[in-house]
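One structure below.
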Amino acid sequence: MLTNLWYVVLPSSQLRDGLKSVQMLNQHFVAFRDAEGVARLLSDICVHRGGALSAGAKVGDSVQCPYHGWRFGPDGVCTHIPAQPQLRIPAKARVDAYPTIERYGWIWAFLGDLPESERPPLPRLDWVDDPHVRVVSGHFDWNASWDRVMENGLDFAHAPFVHGSTFGDPDHPEMGAFEVEHEAWGGSAQMTMRRPVRKGWRRQPTGEHVEVATRPGFHLSGPCATLEVAPRDGWKIHIVSAHVPVDGQRTRTWWMMGRTFLRSALFDRRVIASNLNIFKQDHVILSKVRPERVPDSWQQEVSVKSDALQIAFRQKIKELEQRGWRIDEDRVAREFTGRTACVVPSPQRREGGAWAIEAIPIIAS
């Protein structure tokens, strides 16, 4: 799992007047809106006696801990200690506060300490706000690591075998040659997918197939897997899946799908059900993959040319790990879990000063 990236916290519509508990990177956070309606995200550990702030209450612009009533403002600084209201509040009485952006119907949070000028950009998802695109959305929970889930979305060679009953063509599993287009924070590739023609109420295959232009890709903010599909002339499907690590073995995917055709809301239920069915088919495989995480060494697996987009993803991840952004999960489990709290460091820590809770350990580059 990686720090210093943007992650989707919640859909904007799910954060209203109260507090929301969110788990990402095996850490706990509390999300809320301040008096101006701006989405905020704080570490969910009270620095006094470890109370879960998300189990407390929102009081004005502050979050009140349920244990002793300490209040923390949108910047994470303690504003009130009820037991000793005249006490000068200690400088260490603060929790980490993380930058947020609301865009494309989601609340994104930057989980790291980089200054604004060094943070990665969000992916461009302009189709979400296009009035000519009908958008549906949802989430899916996986018993699988985020990197395995991410790679699965870039892998079209599995479609004939895992999705043979939906969009894959098991009679034509061959993949044509393609080139990966590399970008600073991601990559994509133009591919051709053979889709079997299905007709009738039961959508039975006719034995015919059509070739469909597709462009899978990834962007490390989110981190997001993207897909563009042109099922026929003038029709386009857009899909984005933000794969958020809940912990090392669980992933929550926030997804959106847009279509330029059949834009009536009457088709939404069918589109949502189809997308969830595809996730379920993938989950059967990914929940049993071994090892559970993408191996550190490429020599532990055999790759071929059709795996080029997944390899590009792995190369980008290695680059970020070499910057010192990978969480040392073994050390967290060995030295912190159940004994000492740790948090993802926020940008305020670069300003100096003392902090009560240690920054989460990372693997040195």
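Residue numbers count from 1 along this sequence.
- Salt bridge status for R250 with E292: absent, with no side-chain N to carboxylate O gap under 4.0 Å.
- Heavy-atom contacts from other residues, nucleotides or ligands closer than 6.0 Å to CZ of R88 number 12 or fewer.
- The 12-atom threshold is not exceeded at CD of E36, counting heavy atoms of other residues, nucleotides or ligands nearer than 6.0 Å.
- Shown are H219, R215, H182; of these, the side-chain hydrogen bond (donor to acceptor under 3.5 Å, both in side chains) with S188 is made only by R215.
- Between R326 and D296 there is a salt bridge, with a side-chain nitrogen of the basic residue lying less than 4.0 Å from a carboxylate oxygen of the acidic one.
- Between the side chains of D282 and H158, at least one donor-acceptor pair of N or O atoms lies under 3.5 Å.
- Of the candidates R263, M257, R259, D268 forms a side-chain contact (heavy atoms from CB on, under 4.5 Å) with just one, namely R259.
- Summarising the geometry, atom NE2 belonging to H238 is positioned 15.0 Å from atom CZ belonging to R134; distances are rounded to the nearest 0.5 Å.
- Using a 4.5 Å heavy-atom cutoff, the side chains of R148 and V294 are in contact.
- Linking Ile, Leu, Val, Met, Phe, Trp and Tyr residues whenever their side-chain heavy atoms come within less than 4.5 Å places I285 and M150 in a single cluster.
- Between the side chain of K92 and the backbone N or O of G353 there is no donor-acceptor pair closer than 3.5 Å.
- In this structure, OG1 in T3 is found 10.5 Å from CE in M1, a value given to the nearest 0.5 Å.
- For R350 (side chain) and D113 (main-chain N/O), a donor-acceptor pair under 3.5 Å exists by modelled atom type.
- Taking OG of S145 as the start and CG of D247 as the end, the distance is 10.0 Å to the nearest 0.5 Å.
- Exactly one residue among E321, E319, E151 makes a salt bridge (charged side-chain N to carboxylate O under 4.0 Å, His left out) with R314. That residue is E151.
- When all heavy atoms of P173 and P160 are compared, the pair lying nearest together is CA-CG, 3.7 Å.
- Surrounding CG of D17 are at most 12 heavy atoms belonging to other residues, nucleotides or ligands under 6.0 Å away.
- Looking at heavy atoms from C-beta onward, I360 lies in side-chain contact with Q27 at the 4.5 angstrom threshold.
- Environment of CD in E301: crowded, with over 12 heavy atoms of neighbouring residues, nucleotides or ligands closer than 6.0 Å.
- Looking only at atom types and distance, the side chain of S54 has a donor-acceptor partner in the side chain of D44 under 3.5 Å away.
- Cluster annotation: I278 is connected to V289 through the hydrophobic network of ILVMFWY side chains, with a link wherever side-chain heavy atoms come within less than 4.5 Å.
- Hydrophobic clustering (ILVMFWY, side-chain heavy atoms < 4.5 Å, transitive): F313 and L227 are in one cluster.
- Using a 4.0 Å cut-off between charged side-chain N and carboxylate O, E329 and R293 make a salt bridge.
- Note: F261 and W235 have parallel aromatic rings, judged against thresholds of 30 and 60 degrees for the angle between ring planes.
- Between W325 and W185, the angle of the ring planes stays under 30°, which puts this pair in the parallel group of the 30/60° scheme.
- In this structure, the separation between CH2 on W6 and SG on C224 is 13.0 Å, given to the nearest 0.5 Å.
- For the pair P99 and P347, the minimum side-chain heavy-atom distance is below 4.5 Å.
- A perpendicular orientation is assigned to the rings of W142 and H243, their planes being inclined by more than 60° (bins at 30° and 60°).
- In this structure the side chain of L10 reaches within 4.5 angstrom of the side chain of W254, judged on heavy atoms.
- Inter-residue side-chain proximity for I81 and H48 is flagged as unmet; no heavy-atom pair is nearer than 4.5 Å.
- Annotation: side chain of E118 is not in contact with side chain of N4 (no heavy-atom distance under 4.5 Å).
- The shortest non-hydrogen separation linking S303 to I311 is OG-CD1, 3.7 Å.
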Open item on the list: Pair S12, E102 - check side chain to side chain donor-acceptor pair (under 3.5 Å), show working.
Closed with: CA-CA 7 Å; S12 295; E102 286 197 67; 2.6 Å; yes
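- No side-chain heavy atom of D328 sits under 4.5 Å from any side-chain heavy atom of I362.
- The backbone N or O of A39 lies less than 3.5 Å from a partner atom in the side chain of T100, making a donor-acceptor pair.
- Using a 4.5 Å cut-off between side-chain heavy atoms of Ile, Leu, Val, Met, Phe, Trp and Tyr, with links allowed through other members, W146 and V246 fall into different hydrophobic clusters.
- Under the side-chain hydrogen bond (donor to acceptor under 3.5 Å, both in side chains) criterion, D75 pairs with no residue, sequence neighbours left out.
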TODO: Begin from the C-alpha positions of L154 and D307 and carry the test side chain to side chain contact (heavy atoms under 4.5 Å, CB included) through to its verdict.
DONE: CA-CA 9 Å; L154 308 176; D307 301 314; over 6 Å; no
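- Taking the ring centroids of F29 and Y98, they lie under the 6.0 Å cut-off.
- No hydrogens or angles considered: nothing links the side chains of D96 and S43 as a donor-acceptor pair under 3.5 Å.
- Heavy-atom neighbours of R269 CZ from other residues, nucleotides or ligands within 6.0 Å: at or below the threshold of 12.
- Ring planes of W70 and F72: tilted class, angle from 30 to 60°.
- In this structure, W108 contributes its side chain and R103 its backbone to a donor-acceptor pair below 3.5 Å.
- Cluster annotation: V135 is connected to L262 through the hydrophobic network of ILVMFWY side chains, with a link wherever side-chain heavy atoms come within less than 4.5 Å.
- With rounding to the nearest 0.5 Å, the separation of CG in D34 from NZ in K58 is 7.5 Å.
- In this structure, R49 is not positioned above the aromatic face of Y67 in the sense of NZ or CZ being under 6.0 Å from the six-membered ring centre and within 45° of the axis.
- Atom-to-atom distance recorded for D61:CG and T79:OG1 is 9.5 Å, nearest 0.5 angstrom.
- Remark: side-chain polar atoms of T260 are paired, donor with acceptor, to backbone N or O of K236 under 3.5 angstrom.
- Side chains of L15 and I107 form a contact here, defined as non-hydrogen atoms less than 4.5 Å apart.
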